[in-house]
Amino acid sequence: VMLFDAQGLPKEQLLHLAVGTGMATILFTSVASARAHLLRGSIRWDLAGRITPGILVGGLLGSAIASVIPRGLFAALFAGVVYIAATSILLGRMPSASRQVPGFIGMFIAGLVISSVSAFAAIGGAFMTIPFLMYCNVPLLQAIGTAAAGGFPIALAGSVGFIAAGWGVSGLPEPHLGFVYLPALAGIVISSMLLAPAGAALAHSLPTKRLQQIFAVVLYIFATRMLI
């Protein structure tokens, strides 16, 4: 939002463009993440397959709602989701396993909720998927790997929704696909791929707790700045 505002993009569409473009970037980053977990054998494809239908419906639903609600309400919901995610990361608490993985209906509802919420903040949904799977007695590494695999359908459904929602909107910067601003998409994806090795090296050199604290504080600041 801040970068788009600095470039003089339409203020009424800043948040929709930012979230739509951000969701589209996850299409690329989620593939790299899922591939890494696939090589380590930590993805439960049976669970990923059962939660994906709900994810696809939820992503379309969440992006459709986000595209029609007033800008102020959208900003408040966005900030709320990011605050919850930041608090979850900062505390680093995971629920203790107390039940088994639900059937198709239960997994569909879980995917629907996770993906709908994710569409409001252009996130892959891992901060909700991992605790949910651990609550269902799925080991942590498998929960992380399965959540990584679920990032792609969340991004796919959300991106399609934001593209469709912004398809007929006038005054959007060119070139674009709906609410996805293509130059920003290309810039973020390229820079992410180039800097991923440096990020991984930094992640292995800092204590996990310190990384969580830094990331959470950054999320709090960005969400608050955007809301203001």
Side-chain angles (χ1 to χ4, degrees), residues 19-20 22-69 74 77-78 80-85 87-89 91-165 178-180:
V19 176
M23 184 63 77
T25 66
I26 303 175
L27 285 169
F28 300 89
T29 56
S30 64
V31 170
S33 177
R35 181 177 180 274
H37 289 286
L38 176 63
L39 294 176
R40 291 168 173 77
S42 59
I43 298 178
R44 285 279 303 273
W45 290 111
D46 58 325
L47 301 181
R50 285 158 60 184
I51 202 172
T52 294
I55 282 175
L56 294 175
V57 175
L60 293 172
L61 179 63
S63 56
I65 295 174
S67 66
V68 297
I69 62 177
F74 187 19
L77 290 171
F78 173 93
V81 171
V82 175
Y83 287 152
I84 293 171
T87 303
S88 174
I89 294 169
L91 297 179
R93 294 177 180 173
M94 292 295 178
S96 57
S98 59
R99 56 166 296 166
Q100 297 302 308
V101 177
F104 176 81
I105 298 299
M107 292 292 280
F108 182 90
I109 294 174
L112 180 74
V113 173
I114 291 170
S115 189
S116 297
V117 172
S118 299
F120 279 100
I123 53 181
F127 84 100
M128 295 175 65
T129 306
I130 293 173
F132 166 71
L133 292 177
M134 290 187 64
Y135 174 70
C136 295
N137 212 29
V138 176
L140 175 59
L141 290 179
Q142 292 183 6
I144 293 174
T146 306
F152 183 82
I154 288 176
L156 178 62
S159 298
V160 169
F162 278 105
I163 290 173
F179 285 127
V180 177

*Asks:* Which atom pair, heavy atoms only, marks the closest approach of Pro153 to Thr52?
*Replies:*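 It is CB-CG2, 4.0 Å.
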
*Asks:* Contact between Leu27 and Leu156 at the side-chain level, heavy atoms closer than 4.5 Å - yes or no?
*Replies:* yes

*Asks:* Give me the atom names and distance for the closest heavy-atom approach of Ala155 to Ser159.
*Replies:*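 In terms of heavy atoms, the two residues are closest at O-OG, 2.7 Å.
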
*Asks:* For Ala148 and Ala34, which heavy atoms make the closest approach, and how far apart are they?
*Replies:*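 Nearest pair, atom of Ala148 first, then Ala34: O-CB, 4.1 Å.
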
*Asks:* Can you find a pair of side-chain heavy atoms, one from Val19 and one from Phe162, that are under 4.5 Å apart?
*Replies:* yes

*Asks:* Taking C-beta and beyond as the side chain, do Ile114 and Ile55 meet within less than 4.5 Å on heavy atoms?
*Replies:*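 Counting from C-beta outward, Ile114 and Ile55 never come under 4.5 Å.
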
*Asks:* What is the distance from atom CZ of Phe152 to atom OG1 of Thr29, rounded to the nearest 0.5 Å?
*Replies:*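 Between Phe152 CZ and Thr29 OG1, I get 10.5 Å after rounding to 0.5 Å.
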
*Asks:* Minimum heavy-atom separation for Gly20 to Val180, with atom names?
*Replies:* O-CG2, 3.6 Å

*Asks:* Could I get the full list of side-chain hydrogen bond (donor to acceptor under 3.5 Å, both in side chains) partners for Arg50, not counting sequence neighbours?
*Replies:* none

*Asks:* Mind checking whether Leu133 and Gln142 have side chains closer than 4.5 Å, heavy atoms only?
*Replies:*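 They are not in side-chain contact.
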
*Asks:* Answer yes or no: is there a side-chain heavy-atom contact under 4.5 Å between Val101 and Leu47?
*Replies:* yes

*Asks:* List the atom of Ala110, the atom of Phe132, and the distance in Å for their closest heavy-atom pair.
*Replies:* CB-CZ, 3.6 Å

*Asks:* Out of curiosity, Ser115 OG to Leu60 CG, how far, rounded to the nearest 0.5 Å?
*Replies:* 8.0 Å

*Asks:* If you compare all heavy atoms of Ala157 against all heavy atoms of Ser63, which two are closest, and at what distance to 0.1 Å?
*Replies:*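 Answer, listing the atom of Ala157 first, then Ser63: O-OG, 4.2 Å.
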
*Asks:* Drop me the distance from Leu61's CG to Leu56's CG, to the nearest 0.5 angstrom.
*Replies:* 12.5 Å

*Asks:* Between Thr146 (side chain only) and Ala143 (backbone N and O only), is there a donor and an acceptor less than 3.5 Å apart?
*Replies:* no

*Asks:* Supply the atom-to-atom distance Thr25 OG1 to Met23 CE, rounded to the nearest 0.5 angstrom.
*Replies:*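 The OG1 atom of Thr25 sits 9.0 Å away from the CE atom of Met23.
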
